[in-house]
2 protein chains.
Amino acid sequence: MDHNKIPQATAKRLPLYYRFINNLNHQGKKRVSSKELSDAVKVDSATIRRDFSYFGALGKKGYGYNVEYLLGFFRKTLDQDETTDVALIGVGNLGTAFLHYNFMKNNNILIKMAFDSDPEKVGTTIGDVPVYHIADLEKKLDGVNVAILTIPASEADGITDRLVAEGITGILNFTPARITVPEYIRVHHIDLAVELQALVYFLKHYPLEETKQLD
Amino acid sequence: MDHNKIPQATAKRLPLYYRFINNLNHQGKKRVSSKELSDAVKVDSATIRRDFSYFGALGKKGYGYNVEYLLGFFRKTLDQDETTDVALIGVGNLGTAFLHYNFMKNNNILIKMAFDSDPEKVGTTIGDVPVYHIADLEKKLDGVNVAILTIPASEADGITDRLVAEGITGILNFTPARITVPEYIRVHHIDLAVELQALVYFLKHYPLEETKQLD
DNA sequence: ATATAATTGTGAAATCGGTCACGACTTATT
DNA sequence: AATAAGTCGTGACCGATTTCACAATTATAT
């Protein structure tokens, strides 16, 4: 696999590109230039061309990119043909938001099961996803190797250890805790309080002229 | 204000540092080394020392950092003494999660009001935050200049224009749409689907040895 | 007192990411 | 057919960020 050469910054933008190219295709658009794409996704057009170029020459000079070809290419590259199963741990408000989000539609990612300790929730189905008791984690979590953590910070370490023991390889962590995992496990942190506070900090301390859209 | 010299990457880590130093203080810890902090927040210790050094010599060689002093320093630096008001637009599951999150506790950020169009929600109070009708945005949004957008993508552009017209200067956008704003307005995007898909992409295409914890 | 261990702060180097700018090629126009 | 306009792919550059590695300083142990 030659994907090792792709910069992480580029890799993080791929899903974004994919979604917009998908939209264009649905709109019946046949071709698109890096400039048009740039306006839509708010990424510099040179950056888009550079990103695409890591995968070879996907476009035609003087023409742009063929939408259908591009879409097919990204589908393969992002493994859109193969569904990825995900488990959600913690059915609070944030967790529920995920359960109602239809990731299948664009992303071929399926939240296959959820876990919580609340007896009111256990046994129900939310957005077509069954909710199991957290005690049954080891019993139910079969073959799933990506988890979304939307639980209180105090639970994070304990649950993480159990997930790791069950062979989870990727965790999307919404907990404020910075969890400790073996080095072969990938964790992405999304810390809502930090994001909000960072935004506020930038507003107060950086001149408006320098403003940019961050992710 | 000499904060202009502080790199953005450093600025984004400050809230994280602040929270952990706060924890240490509550635990009664008197001193901490960059190495200990590194283990806790999963940021290289040299990076932590570099980050701190932008604010001057906060530590003592051979000793580390005095927790209480560090805490006081960061409190001032992050404007912990001055509350920032925020408006939340869209009281769905994700929005509700924010309303229940007590940002005041650590961050001196206050969600002062929320807006939605659902008559069931308008007029209620969720987590001490009053919910107004979205039609009253212009009437109620007074002096608040940071907004959290947790609405459907289709609404994003319209609401954004109204927020901008009302003088909002910062937007935390959870919508998949990449909104268009004047250049003097700061937008941070958090796209849950993209985050999840990026995680899956990394798992599939990057060797486990290279795994890192990203934000 | 002395030696050893710990830890900072930072110059220098390395890495990473983004942008400019232009040659090469394609398409559209006259 | 010739010219003009549009657009890609990329070498070169720049700035930001991270990491290395070590002198300087402080704390601890004997």
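Protein chains get the first letters and strands the later ones, always in sequence-line order, with residue 1 at the start of each.
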Could you list the donor-acceptor pairs under 3.5 angstrom formed between side-chain atoms of residues 61-68 of chain A and any protein atom two or more places apart in sequence or on another chain?
| residue | atom | partner | partner atom | Å |
| --- | --- | --- | --- | --- |
| A:Asn66 | OD1 | A:Glu68 | N | 3.0 |
| A:Asn66 | OD1 | A:Tyr69 | N | 2.9 |

Are any of A:Tyr65's side-chain N or O atoms less than 4.0 Å away from OP1 or OP2 of D:dG9?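 For D:dG9, OP1/OP2 do have a side-chain N/O of A:Tyr65 under 4.0 Å.
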Presence of B:Thr47 side-chain N/O under 4.0 Å of D:dT18 phosphate oxygens OP1/OP2
no
* For the side chain to side chain contact (heavy atoms under 4.5 Å, CB included) test, which of A:Thr150, A:Ile151, A:Ile148 pairs with A:Leu94? ->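 Among A:Thr150, A:Ile151, A:Ile148, the one meeting side chain to side chain contact (heavy atoms under 4.5 Å, CB included) with A:Leu94 is A:Thr150.
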Hits for ring pair (Phe, Tyr, Trp, His ring centres under 6.0 Å) against B:Phe115, two or more places apart or cross-chain, chain-then-number order -> B:Tyr132
So, using ring pair (Phe, Tyr, Trp, His ring centres under 6.0 Å) as the criterion, who are the partners of A:Phe73 when residues are at least two apart?
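Applying ring pair (Phe, Tyr, Trp, His ring centres under 6.0 Å) to A:Phe73 gives A:Phe55.
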query = If you look at every strand shown and take non-hydrogen atoms under 4.0 Å, does A:Phe52 touch a base, only sugar-phosphate, or nothing?
reply = nothing
Categorize B:Ser34 for me: base, sugar-phosphate, or nothing, with a 4.0 angstrom heavy-atom threshold over every strand shown. sugar-phosphate
Please name all residues satisfying salt bridge (charged side-chain N to carboxylate O under 4.0 Å, His left out) with [X], sequence neighbours left out, ordered by chain then number.
{"X": "A:Asp39", "answer": "A:Lys35"}
{"X": "B:Lys60", "answer": "none"}
{"X": "B:Asp85", "answer": "B:Lys112"}

Rounded distance (Å) that lies between atom [atom2] of [N] and atom [atom1] of [X]:
{"X": "B:Lys5", "N": "D:dG15", "atom1": "NZ", "atom2": "P", "result": "19 Å"}
{"X": "A:Leu37", "N": "D:dT7", "atom1": "CG", "atom2": "C1'", "result": "13 Å"}
{"X": "B:Ile6", "N": "D:dT17", "atom1": "CD1", "atom2": "P", "result": "12 Å"}
{"X": "A:Tyr69", "N": "D:dC8", "atom1": "OH", "atom2": "P", "result": "15 Å"}
{"X": "A:Asp44", "N": "C:dC20", "atom1": "CG", "atom2": "P", "result": "6 Å"}
{"X": "A:Tyr54", "N": "C:dC16", "atom1": "OH", "atom2": "P", "result": "11 Å"}
{"X": "B:Asp51", "N": "D:dT19", "atom1": "CG", "atom2": "P", "result": "11 Å"}
{"X": "B:Lys35", "N": "C:dA6", "atom1": "NZ", "atom2": "P", "result": "12 Å"}

**Item:** A:Gly92 backbone acceptor or donor facing A:Thr96 side chain under 3.5 Å
**Value:** yes
In short, ring-ring contact (aromatic ring centres under 6.0 Å, His included) pairs touching residues 141-183 of chain B with sequence neighbours left out are B:Phe98-B:Phe174
Item checked: From D:dC8, C:dT10, C:dT8, nucleotide with atom closest to B:Arg50 side chain ->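 For the B:Arg50 side chain, the nearest candidate turns out to be C:dT10.
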Under a 4.0 Å heavy-atom cutoff, the residues of residues 9-22 of chain A touching DNA chain C are A:Ala9, A:Arg13
Is it true that, when you exclude B:Lys140 itself, more than 12 heavy atoms of the residues, nucleotides or ligands shown sit nearer than 6.0 Å to its NZ?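 It does not: B:Lys140 NZ has 12 such atoms or fewer within range.
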- prompt: Restricting to pairs with a member in residues 17-28 of chain A, which pass side chain to side chain donor-acceptor pair (under 3.5 Å), not counting sequence neighbours?
  reply: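 Of all non-adjacent pairs touching residues 17-28 of chain A, those that pass side chain to side chain donor-acceptor pair (under 3.5 Å) are A:Arg13-A:Tyr17, A:Tyr17-A:Asp51, A:Arg19-B:Asp191, A:Asn22-A:Asn106.
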Item to complete: Specify the angle, to 10°, made by the local axes at the two ends of the helix from C:dA1-D:dT30 to C:dT30-D:dA1 when five pairs are taken at each end.
Response: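 The helix from C:dA1-D:dT30 to C:dT30-D:dA1 shows an end-to-end axis angle of 10°.
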Given protein heavy atoms under 4.0 Å, the one-letter contact record of nucleotides 21-30 of chain D, with B base, S sugar-phosphate only and - none, is simply B--BBBSS--
Side chains of residues 157-166 of chain A: which donor-acceptor partners sit under 3.5 Å, not counting sequence neighbours?
| residue | atom | partner | partner atom | Å |
| --- | --- | --- | --- | --- |
| A:Thr160 | OG1 | A:Ala156 | O | 2.6 |
| A:Arg162 | NE | A:Glu138 | OE2 | 2.9 |
| A:Arg162 | NH2 | A:Ile134 | O | 2.8 |
| A:Arg162 | NH2 | A:Glu138 | OE1 | 3.0 |

